[in-house]
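Every chain is numbered from 1, with letters handed out A, B, ... down the list of sequences.
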Amino acid sequence: MPRYNPKEIEPKWQERWRMAGAFEAQPGGDKPKYYVLEMFPYPSGHIHIGHVRNYAMGDVVARYKKARGFNVLHPMGWDAFGLPAENAAMQTGKHPRDWTYDNIGAMKEQLKKMGLSIDWSRELATCDPQYYRHQQRLFLEFWAKDLAYRKESDVNWDPVDQTVLANEQVIDGKGWRSGAPVERRKLSQWFFRITDAADDLLAALDDGRLAGWPDNVRLMQRNWIGKSKGLQMKFRFAEGTKPPTGFEDGIEIFTTRPDTLFGASFIAVAPDHPLASKLAETDAELRAFIADCQKIGTSEEAIEKAEKQGYQLPFETGHPFDDRRLPVYVANFVLMGYGTGAIFGCPSGDQRDLEFARKYGLAVPPVVLPTGEDPATFVIEDEAYVGPGTIFNSGFLNGLAVDEAIQAAINKIEEMGLGEGKTLFRLRDWGLSRQRYWGCPIPAIHCDKCGAVPVPAKDLPVLLPEVDAREFSIPGNPLDRHPEWKNVDCPKCGAAARRETDTMDTFVDSAWYFVRFAAPHEEKPVEKDKADYWLPVDQYIGGVEHAILHLLYARWFTRAMKACGYLSVDEPFADLFTQGMVIHATYRTHLGTWVLPENVKFFYKDQVSEARRKWLVDELDRLADDHSRFKEEYLKQTDSTGQYYFYDYVSDDGKTRVSEINSPVVEPLSNPILIGPIEKMSKSKKNVVSPERIAETYGADAARWFMLSDSPPERDVEWTDAGVEGAWRLIGRIWDAVSSAKGALETFDPERPTADADEDLRRATHEAIAGVTDDIENFRFNKAIARIYEFLNTLRKSDGADGWARAEALSALARLIAPFTPHLAEECWETLGGNGLVCDAPWPAADPALLAKDTIVLPVQVNGKRRAEIEVAANADKAAVENAALSLEAVQRHIAGMTVRKTVVVPGRIVNIVAN
RNA sequence: GCGGACGUGGCGGAACCGGUAGACGCAACGGACUUAAAAUCCGUUGGGCGAAAGCCCGUGUGGGUUCGAGUCCCACCGUCCGCACCA
């Protein structure tokens, strides 16, 4: 019997699928549609094991749904614009386009080797003008509908690289690449008006439209959108106070707690509030204070540690409800970016206000009385009270509950004409301008007379100009210093004008690619009929790291495209699954350099030769001179079984020889290493395994199987060599079982069981079908795999079973493994003599009659402890079960000398006898 | 600080609506095959006592509800994730 050889078998079936066009999707027909999508990859050059896990999950769903009779769409593309290509150009002198397309070519080859059921005829790359021309058209339509607009906004400007940085690219106030201190600049930027949709984006999270999304993602989006209802109002200046010119009207604040207005003891504005800026012009001390505030980083610890600080301004405001006068501060904890950049401070009801009040000796009048507290004795000490209660010390609000008082206060302020109830969102409009070359050009022309003018539709696409690869080593945007491209005539008045040189944020590219997949070759962004047929995506799968931005942008884009008449849905992804990462132990030397896992050798404590042991000890002693901690940690480490002791590695240069266990050591070959924490695989820590190497050794099926076994899909999975080997063993066992039953399906008639068909094996078969089906439906791939193992174990032990029952089992087995190990499944199907391709075969159906059992085994408890088992008829009545249980010898022994008080019989579950 | 998730053998993890805790895999150990090794196959494997039957203990800690708790409730400890001076 030949050994299973994935190196020959896998490419063979990949080619057959391609020839058959097995996965090319056509809209229409009688079958219900099913759109499966995994988040498309960035073409970095290599697929990594995380991709394997992501796409293996999608492929299980796609193949399963196809077998269940759905018309499945399962496409793939490339998120191909972005900064890494420009960085590569800088380092290697290769043009970003060449670099990107080379990577796409390489990764496509690797992906194809995984045997995914992908419709490659729909492949797209976002850097392809055939893709981004439609994106430009969408932009123009959004602009015409005022969904896109231009405004001045503050940006992080890197003065060395001459570019705008995203917040994540600013580290400790410095540019991530140049290290130069980042400046704040006002720049005209393009925005998508996503805040207009904030309410609907929020509402859909809870009204059932996103019922198929994980709770944590919905929660993250809810927090990100951050809706708060409150009151926006003015505090008038107190009599005798002289506010600066232009601010006579008062200070506008926002609050969610207008019920606590009587607890106000100060007003505070942000350091970059216009009022503060105005006063700073003539107040050097204030200038210094503001500069100080801006120095404090925005990092977590900085905020945590930063003390509340304020600078008192030389005037006071009044209070809307009484004749109090409130001091006004510039305070470091007030943010300009939220609300109006000004607050009223209520120390009894807000922890920050309380800390501030304590520091500056301000009053802390309590205004909310917790239920059950005595108003005469209730005081605020170190903690503000933010809970529910009754309002007191508050004039006309006294006696109201918090909710009622909020409304009453808003009504009163509106009556007085000082403000109005208002809803605020944390969400900001989406700034999409990037000062980069390798992105989708924004189709706008700037004219001195006409302002920003849309590029006429007939002139689309605005193609990226050819630039020399050397351009990327020069700071700034190559588009900005490309006169032939940049200088054009105004399409409106014909005067000399300039192209917009910013390109779009790459999140724009990924905000609608799933729509384009529905009609990837149309002359417009999407054909509505096709979009309506395929959308929404029925199952979207990807990393939780995209829980907020990508998913939010895609949700908004879908609404915007609907507004432009391209689609009918407003939510793009009906079901979302966020899968966990692949993690791996890290390894490092005494110098702290990281080492590839494949270069690490493990030595058993008691197997290592004397010579090697001696060498290692000497080496450690030598290292201990400078790295005493290293030696200490090294000697402490063992693996989880406590067996391994010595570790070393072969250097990356390949020059050092691989040492073998017990080989005599002639000279030092390698270095001792430390095993570090198990972390997300990353290039920088070198804790990566190459899917290509795995596929070389074990084949794609083994890699796919292992990635889905053991850990639940939403959780992180640790890559281990032993794990793939286990998967490899399974493949061998299945192949054994199948190849010894060659042609078993040729004479097999599933409709006519033979008279002697083995009941036990049949039951195992149908239980496996029912279980695996249920598990795949519920994204429990690890359990589905466990059931297949169980089934296979039964099958392998069923020597006595007749040919018919075995054929039924094998027929089911080949189809049950098909979503997980598709190549092996095809090979088995063919060997067994199945009809056509297994990827076209229908999913096996479980026969409910076989799942029902005549007799069942029930556990019998005495006082809650299991003492015996009893076999009874499945339909036995309670009294019969009770009597049978009571007559058991083991039960009698345990209730000897006691009185039976009660007997609990849960049909099909358990018997419990209570006695004392 | 706020919000959320989680805590089960040596390890990854099963255990449906409260009903036999540890499915399945890995590792380990014993055995078969082999000149030998690898591969493969068979068996054992939560801890303790015991020759065995069996008994006791056991799901982070302490309490509670229940005939019965890994599962529900309360308090605490710990880990992870998201947001973070959002008024």
Visitor: Of all the nucleotides listed (rG82(B), rC26(B), rC24(B)), which has the minimum atom distance to the side chain of Arg729(A)?
Guide: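 Nearest to the side chain of Arg729(A) among the choices is rC26(B).
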Visitor: Using both distances under 3.5 Å as the test, list the Watson-Crick or G-U wobble partner of rU44(B), or none.
Guide: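 By the stated definition (distances under 3.5 Å), rA28(B) pairs with rU44(B).
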Visitor: Run the salt-bridge test on Glu889(A) and Arg893(A) with the 4.0 Å N-O cut-off and return the result as yes or no.
Guide: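 Salt bridge between Glu889(A) and Arg893(A), a charged N being under 4.0 Å from a carboxylate O: yes.
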Visitor: I'd like to know whether NZ of Lys680(A) has more than 12 heavy-atom contacts from other residues, nucleotides or ligands below 6.0 angstrom.
Guide: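 Open: at most 12 neighbouring heavy atoms sit under 6.0 Å from NZ of Lys680(A).
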Visitor: Answer yes if the side chains of Tyr338(A) and Ser228(A) hold a donor-acceptor pair under 3.5 Å, and no otherwise.
Guide: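 Checked: Tyr338(A)/Ser228(A) side chains pair up, N/O donor to acceptor below 3.5 Å.
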Visitor: Which way is the base of rC72(B) turned, syn or anti, if we draw the line at 90° from 0?
Guide: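 In terms of base orientation relative to the sugar, rC72(B) is anti.
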Visitor: Contact class for Arg796(A) (heavy atom, under 4.0 Å): base, sugar-phosphate, or nothing?
Guide: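 Sugar-phosphate, no base atom in range.
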Visitor: Under a 3.5 Å limit for both distances, which nucleotide forms a Watson-Crick or G-U wobble pair with rC76(B), could you say?
Guide: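 Pair assignment: rC76(B) / rG60(B).
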Visitor: Check every atom of rA87(B), rC26(B), rC24(B) against the side chain of Phe254(A) and return the nucleotide holding the closest atom.
Guide: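 The nucleotide sitting nearest to the side chain is rA87(B).
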Visitor: Tell me, yes or no, whether the heavy-atom count around Glu871(A) atom CD, taken from other residues, nucleotides or ligands under 6.0 Å, exceeds 12.
Guide: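 Enclosed.
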Visitor: Taking the P atom of each, how far is rA15(B) from rU20(B), in whole Å?
Guide: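 That atom pair is separated by 13 Å.
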Visitor: For Asn216(A) and Arg715(A), find the nucleotide of RNA chain B closest to each by heavy atoms; which residue's nucleotide sits nearer the 5' end?
Guide: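 In this pair, the answer is Asn216(A).
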Visitor: Have a look at Arg893(A) and say if it touches a base, only the backbone sugar-phosphate, or nothing, with a 4.0 Å heavy-atom cut-off.
Guide: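 Sugar-phosphate contact only - Arg893(A) comes under 4.0 Å of backbone atoms but never of a base.
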Visitor: In terms of relative ring orientation, are Phe235(A) and His319(A) parallel, tilted or perpendicular, with 30° and 60° separating the classes?
Guide: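 Correct class here is perpendicular.
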Visitor: May I have the distance from Gln861(A) (atom CD) to rA69(B) (atom P), rounded to whole angstrom?
Guide: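 Rounded to the whole Å, the gap is 9 Å.
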Visitor: Just call it for Leu219(A): base, sugar-phosphate, or nothing, with non-hydrogen atoms closer than 4.0 Å on any strand.
Guide: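 Sugar-phosphate only.
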Visitor: Which nucleotide, rC67(B), rA87(B), rA14(B), lies nearest any side-chain atom of Pro712(A)?
Guide: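 Looking only at side-chain atoms, Pro712(A) lies closest to rA14(B).
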Visitor: Is rG7(B) syn or anti, taking syn as a glycosidic angle within 90° of 0?
Guide: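 For rG7(B), whose glycosidic angle is more than 90° from 0, the conformation is anti.
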Visitor: Within the 4.0 Å heavy-atom criterion, would you say Glu869(A) contacts the bases, only the backbone, or no part of the nucleic acid?
Guide: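 Base, at least one base atom sits under 4.0 Å.
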Visitor: Between Arg866(A) and Glu869(A), is there a salt bridge with N-O shorter than 4.0 Å?
Guide: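 Result for this pair is yes, salt bridge flagged.
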Visitor: Please give the distance between the C1' atoms of rA84(B) and rG4(B) as a whole number of Å.
Guide: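 My reading of the C1' atoms in rA84(B) and rG4(B) gives 14 Å.
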Visitor: Describe the nucleic acid contact of Gly726(A) in one word from base, sugar-phosphate, nothing, applying a heavy-atom distance below 4.0 Å.
Guide: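 Touches sugar-phosphate only.
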Visitor: Under 4.0 Å between any heavy atoms, over every strand shown, what does Val904(A) touch: base, sugar-phosphate, or nothing? Just pick one.
Guide: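 The residue Val904(A) makes base contact.
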Visitor: P atom, rC17(B) versus rU71(B): distance in rounded Å?
Guide: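 To the nearest whole Å, 14 Å.
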Visitor: With nearest nucleotides of RNA chain B determined for Phe333(A) and Val544(A) from heavy-atom distances, which residue corresponds to the more 5′ nucleotide?
Guide: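 So the residue in question is Val544(A).
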Visitor: Of the nucleotides rA15(B), rG13(B), rC86(B), which has the atom closest to the Lys783(A) side chain?
Guide: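 Minimum distance to the Lys783(A) side chain belongs to rA15(B).
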Visitor: If you look at every strand shown and take non-hydrogen atoms under 4.0 Å, does Val334(A) touch a base, only sugar-phosphate, or nothing?
Guide: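 Base, at least one base atom sits under 4.0 Å.
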Visitor: Does rG19(B) have a Watson-Crick or wobble partner in any strand here, with both distances under 3.5 angstrom, and which is it?
Guide: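 For rG19(B), the partner nucleotide comes out as rC67(B), under the 3.5 Å rule.
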Visitor: Within the structure shown, what part of the strands sits under 4.0 Å from Asp353(A) by heavy-atom distance: base, sugar-phosphate, or nothing?
Guide: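 Nothing: the residue Asp353(A), judged by heavy atoms under 4.0 Å, touches no strand.
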Visitor: For a quick check, tell me whether the side chain of Asn912(A) and the base of rC67(B) share a donor-acceptor pair closer than 3.5 Å.
Guide: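 Indeed there is one.
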Visitor: What does rG3(B) pair with, Watson-Crick or G-U, if both distances are under 3.5 Å?
Guide: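 WC or wobble partner is rC81(B).
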Visitor: Would you classify Arg909(A) as touching base, sugar-phosphate or nothing, given that sugar-phosphate means primed atoms plus P, OP1 and OP2, and contacts are heavy atoms under 4.0 Å?
Guide: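 It contacts sugar-phosphate atoms only.
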Visitor: Set out, in order, the CA-CA distance, both residues' side-chain angles and the distance that settles ring-ring contact (aromatic ring centres under 6.0 Å, His included) for Phe791(A) and Tyr789(A), then state yes or no.
Guide: CA-CA 5 Å; Phe791(A) 176 39; Tyr789(A) 270 111; over 10 Å; no
Visitor: Rounded to the nearest Å, what distance is computed from the CG atom of residue Asn782(A) to the P atom of nucleotide rG22(B)?
Guide: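 These atoms are roughly 18 Å apart.
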Visitor: Base, sugar-phosphate, or nothing for Arg218(A), non-hydrogen atoms under 4.0 angstrom?
Guide: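 Contact class for Arg218(A): none.
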Visitor: Could you check whether Ser711(A) gets within reach of a base, just the sugar-phosphate, or nothing at all, counting any heavy atom under 4.0 Å?
Guide: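 The residue Ser711(A) makes sugar-phosphate contact but no base contact.
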Visitor: Let's see if you can work this out: which of rG19(B), rC86(B), rA23(B) has an atom nearest to the side-chain heavy atoms of Val906(A)?
Guide: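 Closest nucleotide to the Val906(A) side chain: rG19(B).
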